[in-house]
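Worksheet for the structure shown next.
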Amino acid sequence: MVDTGVPWIVWAAMMIMGAFGFAPQVAVQPVFYAELFGARVRYTGFAASRELGAALAGFSPLIGATLAARMGGEPWLVAAFLIGTAVISFVAFWASRESKDMDIAAADPLPGRVGED
């Protein structure tokens, strides 16, 4: 849709991506991070993981431009790169622990961790 160059189609593509790609991710992210870390380290864990991810993702446009240039402007390698990053994200999410029965107000909600009293 973006390759068409037709402004209303490009805008439609951006709105579809925002509604079905970006918005659902941003909607669940705060809850996921709140359950991922204990109360004692929640802010640090949330901030460190978000900022590390942002720092690494900052190279994505450079990688995408390089891949597109190698293919003569064809988007297939860029699409493969995005699929690869999505698979990595899915595996990381799948490997995270279930936290529905956890007290998220606890300093360290998992028993047996270092520093447990």
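Being a predicted model, the structure only gives us computed values, none of them experimental.
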*Within residues 54-76 or reaching into it, pairs that qualify as side chain to side chain donor-acceptor pair (under 3.5 Å) - sequence neighbours excluded*: E74-W76
Going only through I, L, V, M, F, W and Y residues with side-chain contacts under 4.5 Å, is there a path from [X] to [Y]?
X   : Y   : answer
V6  : M14 : no
L77 : L82 : yes
M71 : L67 : yes
V41 : L36 : yes
M17 : I83 : no

_Testing the basics here: between P24 and A19, what is the closest heavy-atom pair and its distance to 0.1 Å?_
CD-O, 3.4 Å
*asked:* Nearest 0.5 Å, please: how far is OG in S49 from CD in Q29?
replied: 8.5 Å
*Can you tell me which residue pairs pass the ring pair (Phe, Tyr, Trp, His ring centres under 6.0 Å) test with a partner in residues 13-36, sequence neighbours excluded?*
F32-F93, Y33-F46
_Members sharing L56's hydrophobic cluster (side chains within less than 4.5 Å)_ = L52
